[in-house]
Amino acid sequence: MDTIEQFNQYVMPSYGRYPLVMDSGEGEYASAEDGKRYIDFGSGIGTNSLGYCDEDWVKAVCEQAHRLQHTSNYYYTKVQADFAKALCETAGYTNMFFGNSGAEANECAIKIARKYSFDKYGKGRHNIITLINSFHGRTLCTLSATGQDVFHNYFFPFVEGFVNVEANNIEDLRAKLDGTVCAVMFEYIQGEGGVMPLEREFVDEIFKLCAEKDVLTIADEVQTGVGRTGKFLAGDNFGKKADLTTLAKGLAGGIPIGVCLAGEKCAGVLTAGTHGSTFGGNPICCAGGLAVLNRVNSEGFLGEIAAKGEYIREKLLKCDEVASVSGIGLMIGIELKSKQAGEVVKAALEKGLLLLTAKTKVRLLPPLTISYEEIDKGLEILMGILNG
C-alpha cells in the first residue's frame, strides 16, 4: 500500500489534497517522496515563515525538545516568559494569551470582547460585527463569525451574536454599530476572501466609531501578521493598533501556535478560570517563535519583504494574462483574465512550483526568507503557464 492509499484509508477526507507526498524541505524548496523538488510559493499557507528547516530555527526547537517538551500551565517556564516579552514588545501590546491556532486565538478575542462589555455594561451588549467575505476559522464560533455563506452549512445551529457588514461600506457599518455591539472584528487584508485589502478610509472609520462608543477593535492578523506585509503587523501599514490582535500561522515557523494580544484596555479582562489551553504556550513552540522573532526583528528584514513583494508585483503586471495584483508585501493575489486559478495551481505542481488559491485568484505566500533567485525561478514557471 503506497502512502496516499494508506493515508486515504485512515484519514477523514476533509481536504481536497494534491497527489504529492512531502518528504523533506530545505530553504525555499520542498522535496517529495519520489525525490522531485518544488519551489514553495505557499509556505504551508503562510506558516513556514523562515522556509523549511532554517538552521537557527531547527537549533532552537531541538535544544528545547531536549530540555523540556511540555508542562502544565499551572507552572511557569522561562522560554514562555521570554517569548511573551519579546512578542509584546515587538507588537506593542501589554500582554497575551497562548493557544495553538488562529481559530483558538480568535475564540479568545471574542471571549475577551464579550467579557469586557459584560463586566462594564452587563448583559445585552454582546454582538460582534464581522465583515462579509471574511474568514476567522473553522470552529463553530469562528465559522459563525466568518462572513461567507459558503461556510454556513451543515453544522446548524451556529453561534449567535455576529452581525455582518459589507467591507468598505461605511454607511452599512454606521447603521449596524448600535448599542448591542461590543466589538468589530476584521482582517486588514481578507486572505481567504481573495487577498483583498480594506480601504484606508473604512479602517479609519472603524477605529473612529469604536472609540466613540467604547466598542473594541479586533484585528485578525492570523495570515497578515509577523512580517507578511513588510511590517510586523499589517495594521502598521494603516497606522492603526487594534485593542486585540490575533496571530498564528507564521509566528512559530511551522509548529502550532495561536496568540491573542491585548492592549492596556483589555489586559486584565481574563481572570483565573475564565479561559485555558492545555498546549498553549508549549515550550517547543515558544522556542520556535523566539527564533522567528529574532529573524524578523533583524536589521533590514522587514524592508526586504516589502521590496521583494514589489519586485514580484512588477513582474506579474507585465504578463498579459494578469488582470490585476492585490495584497501587500509577500501576501499577493493574482486575478487572471481567462485561465482558472485552480488549473494554474495544478499545472504549476507538475512543473515543480507550489501555489495557492484564494477564491478565483492565484495566491502567493512565499517564505519571508525567499531569495530573489528563487523568486525568479518560481516566476519563470508561473509566467510560462500563464503565457501558454
Side-chain angles (χ1 to χ4, degrees), residues 11-17 44-47 97-115 117 126-167 169 172-173 176-177 180-196 198 206 215-225 234 242 244-251 256-261 274-280 333 356-361 363 365:
V11 179
M12 294 180 186
S14 58
Y15 289 91
R17 300 179 191 269
I45 316 185
T47 299
F97 178 86
F98 282 111
N100 307 286
S101 68
E104 284 187 42
N106 286 335
E107 291 258 358
C108 179
I110 290 165
K111 288 180 71 173
I112 290 174
R114 287 181 170 166
K115 187 173 185 296
S117 189
H126 58 265
N127 285 334
I128 295 176
I129 288 177
T130 63
L131 303 183
I132 293 171
N133 205 42
S134 62
F135 182 84
H136 297 296
R138 292 185 180 274
T139 63
L140 270 175
C141 184
T142 54
L143 270 181
S144 303
T146 293
Q148 296 189 56
D149 288 341
V150 68
F151 293 107
H152 296 163
N153 206 354
Y154 309 121
F155 310 113
F156 305 104
F158 285 94
V159 178
E160 64 179 22
F162 294 98
V163 178
N164 293 149
V165 163
E166 184 181 358
N169 187 329
D172 194 22
L173 175 67
K176 293 174 180 173
L177 213 169
T180 69
V181 174
C182 66
V184 177
M185 185 176 189
F186 58 91
E187 305 155 276
Y188 288 103
I189 307 172
Q190 295 184 327
E192 303 301 321
V195 196
M196 299 295 294
L198 297 182
I206 290 174
V215 169
L216 298 182
T217 50
I218 303 173
D220 177 343
E221 293 230 29
V222 167
Q223 189 168 148
T224 59
L244 299 164
T245 287
T246 58
L247 299 174
K249 287 196 180 291
L251 182 56
I257 195 168
V259 163
C260 179
L261 292 157
T274 57
H275 200 41
S277 172
T278 297
F279 290 103
L356 301 165
T357 60
K359 287 191 175 290
T360 60
K361 294 180 180 179
R363 176 172 39 159
L365 296 169

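Not measured: the values here are computed from a predicted model. Just so you know, residue 1 is the first one in the sequence shown, and it goes up from there.
Between the CD1 atom in Ile257 and the CG atom in Leu251 there is a gap of 4.5 Å [rounded to 0.5 Å]. Put simply, NE2 on His126 and CD on Glu160 are 5.5 Å apart, with the number rounded to the nearest 0.5 Å. For the atom pair NZ of Lys115 and OG1 of Thr274, the computed distance is 5.5 Å after rounding to the nearest 0.5 Å. Atom SG of Cys182 sits about 7.0 Å away from atom CD1 of Ile218, to the nearest 0.5 Å.
For Ile112 against Cys260, the heavy-atom pair with the smallest separation is CD1-SG, 4.0 Å. The nearest pair of heavy atoms linking Ala183 to Ala113 is CB-CB, 3.7 Å. The two residues Ser144 and His152 make their nearest non-hydrogen contact at O-NE2, 4.0 Å. Considering all non-hydrogen atoms of both residues, Ala248 and Ser101 come closest at CB-C, 3.8 Å. When every heavy atom of Val215 is checked against every heavy atom of Val184, the shortest pair comes out as CG1-N, 4.0 Å. Val159 and Cys141 make their closest contact through CG2-CA, 3.8 Å (heavy atoms, listed as atom of the first residue, atom of the second, distance).
A donor-acceptor pair is defined here as one N or O able to donate and one able to accept, closer than 3.5 Å; no such pair exists between the side chain of Arg363 and the backbone of Leu356.
Among residues two or more places apart in sequence or in another chain, the side chain to side chain donor-acceptor pair (under 3.5 Å) test is passed with Ser117 by Arg125. With sequence neighbours excluded, the residues that form a side chain to side chain donor-acceptor pair (under 3.5 Å) with Ser277 are Asn100. With sequence neighbours excluded, the residues forming a side-chain contact (heavy atoms from CB on, under 4.5 Å) with Asn169 are Glu166, Glu171, Asp172, listed by chain and number. Annotation: ring pair (Phe, Tyr, Trp, His ring centres under 6.0 Å) contacts of Phe156 (sequence neighbours excluded): Phe158. The side-chain contact (heavy atoms from CB on, under 4.5 Å) test applied to Ser14 returns no partner, not counting sequence neighbours. Remark: Lys111 pairs with no residue by the salt bridge (Lys or Arg N to Asp or Glu O under 4.0 Å) rule, at least two apart or across chains. Checked against side-chain contact (heavy atoms from CB on, under 4.5 Å), Lys249 has the following partners two or more places apart in sequence or in another chain: Ile45, Thr47, Val222, Gln223. Qualifying side-chain contact (heavy atoms from CB on, under 4.5 Å) partners for Val11, counting only residues two or more places apart in sequence or in other chains: Phe7, Arg17. With sequence neighbours excluded, no residue forms a side chain to side chain donor-acceptor pair (under 3.5 Å) with Thr360. For His275, the ring pair (Phe, Tyr, Trp, His ring centres under 6.0 Å) criterion is met by Phe97, not counting sequence neighbours. Applying the salt bridge (Lys or Arg N to Asp or Glu O under 4.0 Å) criterion to Lys359, with sequence neighbours excluded, gives no partner residue.
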Open item on the list: Assess the residue pair Thr146 and Glu192 against the criterion (side-chain contact (heavy atoms from CB on, under 4.5 Å)); give the C-alpha distance rounded to whole Å, side-chain angles, the decisive distance to 0.1 Å, and a yes or no.
Closed with: CA-CA 10 Å; Thr146 293; Glu192 303 301 321; over 6 Å; no
TODO: Would you check, one step at a time, whether the test side-chain contact (heavy atoms from CB on, under 4.5 Å) holds for Thr217 with Phe186?
DONE: CA-CA 8 Å; Thr217 50; Phe186 58 91; 4.2 Å; yes
For residues 128-136, which side-chain N or O atoms pair as donor and acceptor with protein atoms under 3.5 Å away, sequence neighbours left out?
| residue | atom | partner | partner atom | Å |
| --- | --- | --- | --- | --- |
| Thr130 | OG1 | Ala145 | O | 2.7 |
| Thr130 | OG1 | Asn164 | ND2 | 2.8 |
| Asn133 | ND2 | Gln190 | OE1 | 3.2 |
| Asn133 | ND2 | Gly193 | O | 2.7 |
| Ser134 | OG | Leu131 | O | 2.6 |
| Ser134 | OG | Gly147 | N | 2.9 |
| His136 | ND1 | Asp220 | OD2 | 2.8 |

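Side-chain atoms of Val163 and Val181, non-hydrogen and from C-beta on, never get closer than 4.5 Å to each other. Looking only at side-chain heavy atoms (C-beta outward), Val259 and Phe98 come within less than 4.5 Å of each other. The closest side-chain heavy-atom distance from Thr224 to Glu221 is below 4.5 Å.
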